[in-house]
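Everything on this sheet refers to the single structure shown next.
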Amino acid sequence: MKVNRLEDITKHLVLIFIFLALSSLMVFSANFDNVHAAYKPSIPQFTVKLVDYSHDVPPSTTTITDPYTGEKTTNTNPGYRVDDFRIDITIKNQHFTPYTTSDGHVCNVHYSVQIKGHFEENWQTTAANIEQTDSQYTLISRSNSYADGSQLDFRVQAAIGYIIEEYRLPPAPPDRYFIAEVIGDWSNIQTFTTHSGSLTVAPSQTTNPSDPPTTDPNNPPQQTPDQPYLIIIFATACIILIPIAIVTYIIGKEKQKQHM
């Protein structure tokens, strides 16, 4: 009789533990956004290059017809050369699975780039909150207005967040704001010297760099796996299995005493 009563108590305890486990799972799920946002993005890896995007515009001919007289006028535009030299900052994208907040905003990794003269103190933001692309790299290109021999310092920061837009009356474009869930650390500073010898010819029909960013041994890439899922599964398993194991052990001991 004692064993049967103990088994009844055990069944009730198991049901209670399962209820607690499901309740905990709901709490974990309700706070999933906060758990996910707690992971800082990796320190960005990037390269800086001076790239020649110059190109030729071919000659063209246009004919205009006077709507009242029907007279045709032909204009010939000679071809010309467009000098277009840019500084390309190529950032290696991070492994990250975008997630949706409770209010419906999709969070992803965004990059900001700052630049300054090598011999000055103040940083200037040249690109802010650029969302990383779906490819292997995110390319941020800026016009080069610096003389040969200029020394420039670059640094890049990653943040997890989303963009919101506020409507304005046309023709004004909407205001865009970046809402950060978590902000990472700034990268190490890279000093770049502009000179014609460092020019890279712009690749055709591709944005992948010829020399991808190398891994800094002092700052290895920090992956951002879906660890919250593993935490939830592990915690739920512990809540269910550990009490069951304890109660099963107690029942076994009681049965041994009965046989003795």
Side-chain angles (χ1 to χ4, degrees), residues 36-54 83-98 107-163 176-203 206-225:
H36 207 306
Y39 292 93
K40 291 179 66 173
S42 305
I43 295 175
Q45 303 171 38
F46 68 100
T47 58
V48 181
K49 287 185 177 181
L50 184 61
V51 182
D52 184 4
Y53 286 90
S54 300
D83 291 328
D84 186 6
F85 301 97
R86 306 181 201 172
I87 297 175
D88 280 0
I89 303 100
T90 305
I91 306 169
K92 185 176 182 180
N93 286 338
Q94 304 183 18
H95 170 71
F96 183 80
T97 303
C107 289
N108 201 354
V109 176
H110 292 71
Y111 298 109
S112 294
V113 179
Q114 288 190 340
I115 185 175
K116 73 176 182 66
H118 184 62
F119 302 99
E120 69 173 335
E121 297 290 335
N122 298 325
W123 289 93
Q124 297 180 355
T125 300
T126 185
N129 308 316
I130 306 298
E131 185 173 9
Q132 79 171 11
T133 63
D134 294 332
S135 60
Q136 191 175 1
Y137 302 100
T138 294
L139 175 64
I140 299 175
S141 188
R142 292 293 179 264
S143 297
N144 176 43
S145 58
Y146 304 96
D148 278 3
S150 299
Q151 296 184 47
L152 308 172
D153 290 343
F154 290 85
R155 65 180 184 179
V156 181
Q157 183 186 53
I160 298 172
Y162 55 90
I163 300 289
R176 292 169 56 87
Y177 301 97
F178 178 69
I179 307 299
E181 295 277 303
V182 60
I183 299 175
D185 298 323
W186 285 102
S187 68
N188 292 335
I189 298 171
Q190 288 195 31
T191 301
F192 176 75
T193 303
T194 61
H195 56 83
S196 55
S198 66
L199 275 177
T200 300
V201 179
T206 179
T207 57
N208 287 339
S210 56
D211 296 320
T214 55
T215 301
D216 184 350
N218 297 321
N219 291 295
Q222 304 169 8
Q223 298 295 322
T224 312

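Quick note: numbers below take in every heavy atom, side chains included, and nothing from hydrogens, waters or symmetry partners. Counting begins at 1 with the first residue of the sequence. Just so we're clear, the structure is a prediction, and the values are computed from it rather than from any experiment.
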Looking only at heavy atoms, what is the nearest atom pair of Arg155 and Gln114, with distance?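 So the two residues come closest at NH2-OE1, 2.7 Å.
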If you take all heavy atoms of Phe178 and Ile160, which pair is closest and at what distance?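 The pair with the smallest heavy-atom distance is CZ-C, 4.2 Å.
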Can you find a heavy atom in the side chain of [X] that is under 4.5 Å from one in the side chain of [Y]?
| X | Y | result |
| --- | --- | --- |
| Ile91 | Gln132 | no |
| Asn93 | Tyr111 | yes |
| Pro41 | Phe96 | no |
| Ile183 | Gln157 | yes |
| Ile89 | Ile115 | no |
| Ile140 | Phe46 | no |

Taking atom types as modelled, is there a side-chain donor on [X] or [Y] under 3.5 Å from an acceptor on the other?
| X | Y | value |
| --- | --- | --- |
| Asp88 | Tyr53 | yes |
| His195 | Asp148 | no |
| Ser145 | Ser143 | no |

[X], [atom1] atom: more than 12 neighbouring heavy atoms under 6.0 Å:
| X | atom1 | result |
| --- | --- | --- |
| Glu120 | CD | yes |
| Asp83 | CG | yes |
| Arg142 | CZ | yes |

As a test of understanding, state which of Asn188, Thr191, Ile87 forms a side chain to side chain contact (heavy atoms under 4.5 Å, CB included) with Phe154.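 Looking at Asn188, Thr191, Ile87, the match for Phe154 under the side chain to side chain contact (heavy atoms under 4.5 Å, CB included) is Ile87.
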